[in-house]
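Here the structure is a predicted model, which is why all the values come from computation and not from measurement.
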Amino acid sequence: MDTDQNSDATEKKTVVPPSASAYLDPQYWDERFSNEEHYEWLKDYSHFRHLLQAHVKPNSSVLELGCGNSRLSEELYKDGITEITCIDLSAVAVQKMQERLRLKGYKEIKVVEADMLDLPFSDGCFDVVIEKGTMEVLFVNSGDPWNPRPETVSKVMAMLEGVHRVLKPDGIFLSISFGQPHFRRPIFNAPQFSWSVEWITFGDGFHYFFYILRKGRRSSNDEASNKRHEKPLMPSISMFHEELEGEDYIFRTNIDDMD
């Protein structure tokens, strides 16, 4: 499975974290981005472009969470979406992304150093918020996936509350993840959120999930609808990391044996 994939063989070697918990350390990301020009988590744009195009229009104002050194914003720009703001917690990532976009002439794309747990934007200012594999970091060392640690839940909810706040009344949150619906749905469906929750799977062999959360569209029928569309899944899934061909550690899902 290629959840952490480098498309350019000539680029600098990715910094390998000593453990999964390193993904929670800002210094790890600064070091990694200092030595890495480009990396895509959870497939590149070509695999889900058709899904994004159904929800992101040329006049959409878009916020990308945890841009890192992904080319997602560039691909959106090429498709005619120019009002894009990218954020990342790493000052190194932000500086390098700003320079890369400047050299390519994509001057309209804004790149801001910011924490997705404390978004520095006013209420209702974006049509679309996108995250691709960024929320997964919050689940590192989360414990039992059926009952995550309180500190994990607190961080995830802070992120989602911020996303919900900065979305316009009819805005859309798009989450691209390997987190399966029976883990994501209880969080997305928390009572403080007004969005409806849908998802589409994509990918060959291993399926990724493209979540569509429409603000202001929640109804009492959402839960029943989600259950009808959810495919039967194995009951115990945990996240872990492993070394991939000596280059990097990646997040993966490990489906445990049924009792």
For S90, does its backbone N or O pair with a side-chain atom of D30 as donor and acceptor, under 3.5 Å?
no

Donor-acceptor contact below 3.5 Å, side chain Q98 vs main chain V111:
yes

Solution key, residues 113-124 side-chain donor-acceptor pairs under 3.5 Å, sequence neighbours excluded:
{"residue": "D115", "atom": "OD1", "partner": "L117", "partner atom": "N", "Å": "2.9"}
{"residue": "D123", "atom": "OD1", "partner": "R165", "partner atom": "NH1", "Å": "2.8"}

Is the backbone N or O of P148 less than 3.5 Å from a side-chain atom of S142, with the two atoms forming a donor-acceptor pair by type?
no

Atom CG in D88, atom CH2 in W29: separation rounded to 0.5 Å?
8.5 Å

More than 12 non-hydrogen atoms from neighbouring residues, nucleotides or ligands closer than 6.0 Å to CD on E74, yes or no?
yes

In sequence, state the C-alpha distance, the side-chain angles, and the governing distance for H47 and L42, and then conclude on side-chain contact (heavy atoms from CB on, under 4.5 Å).
CA-CA 9 Å; H47 291 85; L42 309 186; over 6 Å; no

Could you state the interatomic distance from CH2 (W199) to CG (L213), rounded to the nearest 0.5 Å?
10.0 Å

Does the cation-pi check pass for R184 over F139, that is, NZ or CZ under 6.0 Å from the six-membered ring centre and within 45° of its axis?
yes

Minimum side-chain heavy-atom gap V137-L24 below 4.5 Å:
yes

Is there side-chain contact between V62 and D127, with at least one heavy-atom pair below 4.5 Å?
no

Following the transitive rule for hydrophobic clusters with a side-chain heavy-atom cut-off under 4.5 Å over Ile, Leu, Val, Met, Phe, Trp and Tyr, establish whether Y211 and F173 coincide in one cluster.
yes

If you define the side chain from C-beta out and look only at heavy atoms, does anything of F48 sit under 4.5 Å from L72?
yes

If you take all heavy atoms of F188 and W195, which pair is closest and at what distance?
O-NE1, 2.8 Å

Distance check, rounded to the nearest 0.5 Å: L51 atom CG versus F210 atom CZ?
5.0 Å

Derivation and outcome, side-chain contact (heavy atoms from CB on, under 4.5 Å), residues K96 and E37:
CA-CA 8 Å; K96 292 184 73 172; E37 299 304 319; 3.1 Å; yes

Any heavy-atom pair between the side chains of L63 and V128 that's under 4.5 Å?
no

Do E198 and R214 sit within salt-bridge range, that is, some charged N less than 4.0 Å from a carboxylate O?
yes

Between K168 and C125, does a side-chain contact (heavy atoms from CB on, under 4.5 Å) hold up when you go through it step by step?
CA-CA 6 Å; K168 293 180 180 179; C125 59; 5.9 Å; no

Any luck finding a side-chain donor-acceptor pair between E136 and S177 under 3.5 Å?
yes

Taking the basic N atoms (NZ, or NE/NH1/NH2) and the acidic carboxylate oxygens, is any pair closer than 4.0 Å for R102 and E99?
yes

Spell out, as yes or no, whether a donor-acceptor pair under 3.5 Å connects the side chain of K132 to the backbone of K43.
yes

Where do M97 and S70 come nearest, in terms of heavy atoms and distance?
CE-O, 3.3 Å

In terms of relative ring orientation, are W146 and H182 parallel, tilted or perpendicular, with 30° and 60° separating the classes?
parallel

Can you list the steps and then say if Y208 with F202 is a ring-ring contact (aromatic ring centres under 6.0 Å, His included)?
CA-CA 5 Å; Y208 301 89; F202 70 95; 5.6 Å; yes

Ring centres of F178 and F209 under 6.0 Å apart?
no

Quick one about S46 and D44 (side-chain donor to acceptor, distance below 3.5 Å, no hydrogens or angles considered), yes or no?
yes

Taking every non-hydrogen atom, the tightest pair across R218 and A190
NH1-O, 2.8 Å

For K110, which residues count as a salt bridge (Lys or Arg N to Asp or Glu O under 4.0 Å) partner, sequence neighbours excluded?
none

More than 12 heavy atoms of other groups within 6.0 Å of Q192 CD
yes

Partner of N69 under side-chain hydrogen bond (donor to acceptor under 3.5 Å, both in side chains), picked from R100, E36, E40, H38, is E36

Can you list the steps and then say if T82 with E108 is a side-chain hydrogen bond (donor to acceptor under 3.5 Å, both in side chains)?
CA-CA 6 Å; T82 58; E108 294 95 333; 5.5 Å; no

For T134 and L65, the nearest pair of non-hydrogen atoms, with its separation, is OG1-O, 3.0 Å

Contact between L174 and I212 at the side-chain level, heavy atoms closer than 4.5 Å - yes or no?
yes

Same apolar cluster (I L V M F W Y, side chains within < 4.5 Å links), Y39/L89:
no

For the atom pair SG (C86) and CD (E64), what is the distance rounded to the nearest 0.5 Å?
4.5 Å

Is the number of heavy atoms from other residues, nucleotides or ligands under 6.0 Å of D204 CG greater than 12?
no

Are V163 and F126 side-chain neighbours, meaning at least one heavy-atom pair lies under 4.5 Å?
no

Note, M159 side chain near M135 side chain (heavy atom, < 4.5 Å):
yes

Report the distance from atom CD of E75 to atom CD1 of I84, rounding to the nearest 0.5 Å.
10.5 Å

Let's go through Y77 and K104 carefully: what are the C-alpha distance in whole Å and the side-chain angles of both, what is the deciding distance for side-chain contact (heavy atoms from CB on, under 4.5 Å) to 0.1 Å, and is it a yes or a no?
CA-CA 11 Å; Y77 188 90; K104 292 185 176 183; over 6 Å; no

Taking 4.0 angstrom as the limit, do R49 and D79 come out as a salt bridge?
yes

If you measure from CD1 on I109 to NZ on K107, what distance do you get to the nearest 0.5 Å?
13.0 Å

Considering non-hydrogen atoms only, spot the tightest contact between L167 and I172 and give its length.
CD2-O, 3.5 Å

Check whether any side-chain N or O of H164 sits under 3.5 Å from a backbone N or O of S194 as a donor-acceptor pair, and report yes or no.
yes

Closest non-hydrogen atom pair, S60 against H55
OG-O, 4.5 Å

